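Read the structure below first, then the notes.
Just the heavy atoms: all of them, side chains too, but no hydrogens, waters or symmetry mates, feed the values below. Not measured: the values here are computed from a predicted model.
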Number of protein chains: 2
Amino acid sequence: MDYTEQIISFHNFIADECIPGVSLDCAIFGFHDTRLKVLLLRWKDTSEWCLPGGFIYKTESVDRAAERVLYERTGLDKLFLQQFHLFGDAVRYDREEMWRRQKMPMSFSERWPERTLSVGYYALVDHTQVTPTPDFMTDECRWWDISDLPSLLYDHRQIVTVALQTLRSQLNWQPIGLNLMAEKFTIPELQRLYEAVLDKPLDARNFHKKIMGLHILTRLDERRTGKAHKSPFLYRFDRENYQKALGNGNLSFV
Amino acid sequence: MDYTEQIISFHNFIADECIPGVSLDCAIFGFHDTRLKVLLLRWKDTSEWCLPGGFIYKTESVDRAAERVLYERTGLDKLFLQQFHLFGDAVRYDREEMWRRQKMPMSFSERWPERTLSVGYYALVDHTQVTPTPDFMTDECRWWDISDLPSLLYDHRQIVTVALQTLRSQLNWQPIGLNLMAEKFTIPELQRLYEAVLDKPLDARNFHKKIMGLHILTRLDERRTGKAHKSPFLYRFDRENYQKALGNGNLSFV
DNA sequence: ACAAAAGTGTTACAACTACACCCATGG
DNA sequence: CCATGGGTGTAGTTGTAACACTTTTGT
């Protein structure tokens with residue numbers, strides 16, 4: 001099956017099985033080399049990047065569709081995943097241009113709505129667990145530093161911006177940052193994450209107090225070694241205590 | 001034109017002119033008699049209530065559609081209006097039951113998607129400016145106390161709940177409560193509003209300090225008279241200062 | 001004159017900010 | 001032994017919460 005056959009069959013599948021006119025885009029955030037990253041796909045034979053996205057089956061919930069899309073792209077499930085906005089501008093992109101880029105026969109456009117809304121989700125993932133993999137429509141899938149994004153298709157730049165705003169505002173009120181860390185991590189590593197998300201330096205002593213004050217980290221009898229300085233302790237996110245604290249109202253989910 | 005003709009023609013119009021499978025519901029909040037209220041419609045010949053809602057024209061933005069729906073229902077425009085969630089459960093309501101209630105011929109259902117998503121907006125309005133008016137599908141339109149809601153159709157109870165949560169969480173971070181007041185109001189009246197939204201009593205002295213500390217209220221040379229006690233001063237929301245404060249970062253829009 | 005709500009200031013406590021030195025490790 | 005980053009406490013400030021009495025007004 002060549003590319004054209006493949007993409008026509010794909011679009012036929014969507015037109016048959018999915019809710020028309022509504023797509024779903026995920027800003028998948030990871031953290032690596034002291035920088036906050038987002039996962040992007042490069043469209044086949046172009047230098048244009050976009051967010052991983054998909055469509056909603058007629059019989060599944062929108063949240064379920066988001067989990068599915070994320071799973072298809074990263075192989076991960078049960079991640080922190082949150083709907084943050086429905087993007088519904090009257091013109092979100094140039095339909096004909098999109099059609100050309102996808103090398104779709106124009107005749108096919110009868111089966112395709114003139115306009116799509118897109119519901120934005122953001123996900124926080126431990127990048128060590130992810131193997132970014134392109135699909136048949138894309139040549140490349142990789143992490144991009146959020147302060148150095150390439151040219152993005154459609155309104156995906158705006159979607160990333162709004163996702164980031166949401167992430168920033170939530171970081172202050174709930175310890176969602178922990179979803180971005182590997183299983184074991186050090187306090188300074190976590191601080192680097194907060195600094196990357198908030199885009200400002202934080203005071204190590206105050207950060208330590210604040211994070212420890214949440215009582216949701218367990219210090220392990222293990223240290224991160226191999227660096228030319230004092231080895232920091234490793235910690236683990238204590239999900240049990242976290243749930244307990246949520247129940248007590250000690251942690252606020254705004 | 002009788003009811004059946006009318007509703008068929010209405011649904012034909014929607015099927016022709018609107019985005020299929022996506023509706024829009026507004027939780028319109030007002031404040032009256034020291035209670036927070038929401039505007040509801042009663043379905044023709046039933047005792048079931050629902051939120052005012054509508055559909056999105058194929059060529060208009062979703063935000064614009066929300067403004068339009070709000071205008072059609074309240075006659076008001078340029079209100080505080082904010083999207084808060086896309087409701088996308090796989091089954092949000094019983095389609096056949098809805099069909100029966102609307103007295104639609106079942107045959108018509110070919111033109112109607114099996115399932116609709118709904119994007120929720122909430123609005124804050126000065127109830128003195130609103131004349132609630134039912135449309136041809138509804139017998140009655142009136143304010144309901146949020147702590148004493150009637151039986152609601154579809155998942156509208158959930159939509160109101162999420163709207164309220166959003167409103168509560170935003171009230172703490174931005175002075176949106178002012179959108180619910182008439183042009184001139186007293187500090188104690190505003191306090192009653194905050195108490196109604198947050199559902200807890202507040203201390204008058206602390207409230208006064210906090211609200212005045214925002215520097216966005218102007219005290220008028222006028223008092224509210226006619227009650228058997230000391231007449232309170234009237235204040236006006238100073239939108240100019242408000243914009244200035246927003247620019248300075250003194251007020252935070254999360 | 002009485003009932004009802006308005007108006008107002010101080011103190012205690014909690015949360016956040018700023019700030020500097022010694023220690024452990026690998027090279 | 002040196003460069004690098006980890007680990008830690010205190011004091012000042014800011015914001016929030018608790019608290020009671022006097023004034024005004026209409027009846």
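Between the CZ atom of B:Phe185 and the P atom of C:dA6 there is a distance of 15 Å, given to the nearest Å. Rounding to whole angstrom units, CG of residue B:Leu202 and P of C:dA6 are separated by 14 Å. Per the geometry, CZ belonging to A:Arg224 stands 14 Å off P belonging to C:dG26, to the nearest Å. Atoms CZ (A:Arg219) and C1' (D:dT8) sit 12 Å apart, rounded to a whole Å. Distance CZ (A:Phe207) to P (D:dG5): 17 Å, rounded to an integer number of Å. One atom, CG of A:Leu198, and another, P of C:dC16, lie 14 Å apart when rounded to the nearest Å. We find that CD of A:Gln191 is positioned 11 Å from C1' of D:dG5, with the value rounded to whole Å. Between the P atom of C:dA6 and the OH atom of B:Tyr235 lies a distance of 12 Å, rounded to the nearest Å.
For B:Thr74 (side chain) and B:Leu70 (main-chain N/O), a donor-acceptor pair under 3.5 Å exists by modelled atom type. With hydrogens and angles disregarded, a donor-acceptor distance shorter than 3.5 Å links the side chain of A:Arg73 to the backbone of A:Thr133. Side chain of B:Asn206 to main chain of B:Lys209: no donor-acceptor pair is present (N/O by atom type, distance under 3.5 Å, no hydrogens or angles). In this structure, B:Gln191 contributes its side chain and B:Leu202 its backbone to a donor-acceptor pair below 3.5 Å.
Of the candidates A:Leu167, A:Asp199, A:Asp145, A:Leu167 is the only one forming a side-chain contact (heavy atoms from CB on, under 4.5 Å) with A:Leu36. Exactly one of A:Val125, A:Ile146, A:Ile176 qualifies for a side-chain contact (heavy atoms from CB on, under 4.5 Å) with A:Phe29. That residue is A:Ile146.
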Under a 4.0 Å heavy-atom criterion, the protein footprint on nucleotides 14-27 of chain D, written with B, S and -, is ---BBBB--BBBS-
